[in-house]
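Everything below concerns the one structure shown next.
Throughout, protein chains are lettered first and strands after them, A, B, ... in sequence-line order, and every chain is numbered starting at 1.
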Amino acid sequence: MANTPVRVRFAPSPTGYLHVGGARTALYNYLFAKHHGGEFILRVEDTDQARSTEESMRMQIADLQWLGLNWDEGPDPLTLKDFGPYGPYRQSQRLAIYKEHAERLIQSGKAYYCFMTDEELEQQRQQAMRDGVNIQIQSPYRDQSLAESLSRLQNGEKASVRFKAPASRDFLLKDLVRGDVTFPSDMVGDFVILRSSGMPVYNFCCAVDDALMKITHVFRAEEHLSNTLRQMMLYEAFGYIMPEFGHLSIILGPDRQKLSKRHGATSCHDYAQNGYLPEALNNFVALLGWSSPEGAEILSMEDMIRQFSHDRLNASPAVFDEQKLLWVNSTHLRALDGVELWRRIEPFVSAAGLELPKDQNWRLQALEAFRPKLTALKDAVELMRPLVEGLVPITEEAQEALNWPSTRMVVEAWKNAVEGMAGDYLDEAQFMNLQNEIQNTSGVKGKHLFMPIRVAVIGKPQGTELKMLVPLLHKKTLLARAQAVLDQIKG
RNA sequence: GUCCCCUUCGUCUAGGGGCCUAGGACAUCUCCCUUUCACGGAGAAGACACGAGUUCAAAUCUCGUAGGGGACGCCA
């Protein structure tokens, strides 16, 4: 046991983008694997043909890649071709394996063909509801001879395959997160393992695959807790070794209901688009149900791998707090070095069509001016917008400053001073001198001095320090904007 | 309805019989820094769901109650 290499998997069903809950599940599995020097496997659970699409699979793979949760076995992110010794890793391509396993169960009398109609099933459910008892399907075909079933099949009748649930015995699950969980013997009835279409169902595939892929530990969402009983029965029937399970609590929205689309952004893709860093999303989501033994709140992937252990996993549900995510994001963002930060911001800035100088020094300087204000990459767009060449709109909030009697004089003095400067850009020292000069000659000081100048520079009375802003703007732009403000005061 | 799981500041959490006058983080508020807005720094306020029991001692163990969540599919 001690020598068994750790093998864990993340097994999403490809129906849309990766949800943040899925991201957390994937992350925990990944961290567990890396912490123990084990393997992290990606398996695609696409047996629901109605909902699974290849497009979704690509999206999920892209999201996982974005998060940096790279798998050691599974579909190749680019070609989608499987790599690893236990493939295929897409359940839709493992049908022969499931069929063979189902056959094994049928032959040994542990499963049987069931010819019940949807109406019959529904009737039983209704009846059970009315009687206030646990819903269990009682199939009349449980004891039908295999020969008879086969002949009906021969005649073209359709049948599902049901597993004969062993009754009258409790199952004990030693859950890695919840401790001992006892499932009563009659919790489930005979359940379907093969649909009448021949397609296997989740619980069956999952058990077979985890066994065949030599999975040692499974961390998955709480909604699978009761599925575990079915899977335990299957493991027993096959004589396979069961992995250890840990059931994670679900993530809630602010209204304490299960996090869903109506709560706003819930997919990793949304967060990527809104300028969140993958390291921040990983960090935040990790803290929703796990805590660092060192009490750290800001953690890198390396930190998490080093510190991760399943016994610090929390069994109670957690509310997704957008505010804290934003804080985690801004903290990671500000810690990035200039070159890297610009690399991340670039796509947002160019998507917005901002034409900014290409000069590397200019860009790094601009970044430093705005760094303390960044909470998400997307913010850079509005922050940088005043740095384009030419005029910018003068905002509503600027009006108060424009109405001050001294403003006109200040802006005129500012414009004249800039005009008198040599060179295309002012540096910080030049600006400071110039500013002192205006103060001395005009006698205006404090906000009556600074706000009008700021409006003349960026069109807004508030924002980043002028001494950082002004050196980023070309003299021509400075002059044009000052003139625009003067025009507005006149008019 | 039946079964399973969960319950510490508004939120994420630490804690696992005495270190608890319950610690940290986000958010909130106050002050400092700052000639603006932020960043940063200091501080304030704020929780053991309820009721029994076990014990010299309970946030911590047990049982009930309430509330929340999940499962009960030929979904995953």
Distance test, side-chain N/O of [X] to OP1/OP2 of [N], below 4.0 Å:
X	N	result
S291(A)	A14(B)	yes
R195(A)	A76(B)	yes
R125(A)	C74(B)	yes
R178(A)	G69(B)	no
R24(A)	C12(B)	no

For this session: Give none if U2(B) has no partner; otherwise give the nucleotide forming a Watson-Crick or G-U wobble pair with it, both distances under 3.5 Å.
Result: A71(B)
Problem set entry | For C26(B), the Watson-Crick or wobble partner whose two distances fall under 3.5 Å | G10(B)
Problem set entry | Side-chain-base donor-acceptor pair under 3.5 Å for N227(A) and A76(B) | yes
Problem set entry | hbond_proxy S197(A) side chain to C74(B) base (donor-acceptor, 3.5 Å cutoff) | no
What's [X] touching, base or sugar-phosphate or nothing? Going by heavy atoms closer than 4.0 Å.
X	value
D175(A)	nothing
E465(A)	base
G189(A)	nothing
K258(A)	sugar-phosphate
E368(A)	nothing
G295(A)	nothing
T15(A)	nothing
E297(A)	base
E222(A)	base
M468(A)	nothing
H247(A)	nothing

For [X] and [N], give me the distance from atom [atom1] to atom [atom2], rounded to whole Å.
X	N	atom1	atom2	answer
Q257(A)	C6(B)	CD	P	19 Å
Q231(A)	C75(B)	CD	C1'	14 Å
I251(A)	G68(B)	CD1	C1'	17 Å
R312(A)	G16(B)	CZ	C1'	12 Å
L287(A)	U11(B)	CG	P	16 Å
L326(A)	U11(B)	CG	P	19 Å
F284(A)	A25(B)	CZ	P	17 Å
Y141(A)	C74(B)	OH	P	15 Å

Inter-nucleotide [atom1] distance ([N], [M]), Å rounded:
N	M	atom1	value
G73(B)	A66(B)	C1'	31 Å
U65(B)	A14(B)	C1'	28 Å
A49(B)	U34(B)	C1'	45 Å
C61(B)	G15(B)	C1'	15 Å
A45(B)	U7(B)	P	28 Å
G51(B)	C9(B)	P	16 Å
G10(B)	G46(B)	P	10 Å
C33(B)	C39(B)	C1'	11 Å

For this session: With RNA chain B as reference, determine whether P317(A) or T464(A) sits nearer its 5' end, using the nearest nucleotide of each.
Result: P317(A)
Exercise. Relative to the 5' end of RNA chain B, which residue comes earlier, F183(A) or R51(A), by the nucleotide with the nearest heavy atom?
Worked result: F183(A)
Which nucleotide in the set [options] lies at the smallest distance from any side-chain heavy atom of [X]?
X	options	value
R334(A)	C3(B), U36(B), G40(B)	G40(B)
V192(A)	C74(B), C6(B), C3(B)	C74(B)
S13(A)	A38(B), U36(B), A76(B)	A76(B)
S316(A)	A76(B), A27(B), U7(B)	U7(B)
S160(A)	A25(B), C74(B), G70(B)	C74(B)
R230(A)	C4(B), A27(B), C72(B)	C72(B)
V181(A)	A25(B), A38(B), C5(B)	C5(B)
A318(A)	A71(B), A27(B), C12(B)	C12(B)
K324(A)	G70(B), C26(B), C74(B)	C26(B)

Exercise. Under 4.0 Å between a Lys/Arg side-chain N and an Asp/Glu carboxylate O for E297(A) and K324(A)?
Worked result: yes
Problem set entry | Ion pair check, E340(A) and R334(A), cut-off under 4.0 Å | no
Problem set entry | Side chains of M233(A) and P166(A) in contact at under 4.5 Å (non-hydrogen atoms) | yes
For this session: Using side chain to side chain contact (heavy atoms under 4.5 Å, CB included) as the criterion, list what pairs up with E120(A), not counting sequence neighbours.
Result: M116(A), T117(A)
Exercise. Centres of the Y276(A) and F284(A) rings: under 6.0 Å?
Worked result: no
For this session: Would you confirm whether the ring centroid of F183(A) sits within less than 6.0 angstrom of the ring centroid of F171(A)?
Result: no
For this session: With Y28(A) as reference, evaluate F219(A), W290(A), F308(A), F10(A) under the ring-ring contact (aromatic ring centres under 6.0 Å, His included) test and give the passing residue.
Result: F308(A)
Exercise. Can a donor-acceptor pair be found between the side chains of S292(A) and Q307(A) at a distance below 3.5 Å?
Worked result: yes
Exercise. Can you tell me if D379(A) and T375(A) form a side-chain donor-acceptor pair at under 3.5 Å?
Worked result: yes
For this session: On the 0 to 90° scale, with breaks at 30° and 60°, tag the F115(A)-Y141(A) ring pair as parallel, tilted or perpendicular.
Result: perpendicular
Exercise. Should the ring pair H247(A) and F245(A) be called parallel, tilted or perpendicular, given that the plane angle runs from 0 to 90° and is split at 30 and 60?
Worked result: parallel
Return the polar atom pairs (N/O with N/O) between nucleotides 62-67 of chain B and the protein under 3.5 Å, or none.
none

For this session: Using the ring of Y89(A) (Phe, Tyr or Trp, six-membered ring only), decide whether R43(A) places NZ or CZ under 6.0 Å from its centre and within 45 degrees of its axis.
Result: no
For this session: Check the chi torsion on C39(B) and let me know: syn if it falls within 90° of 0, anti if not.
Result: syn
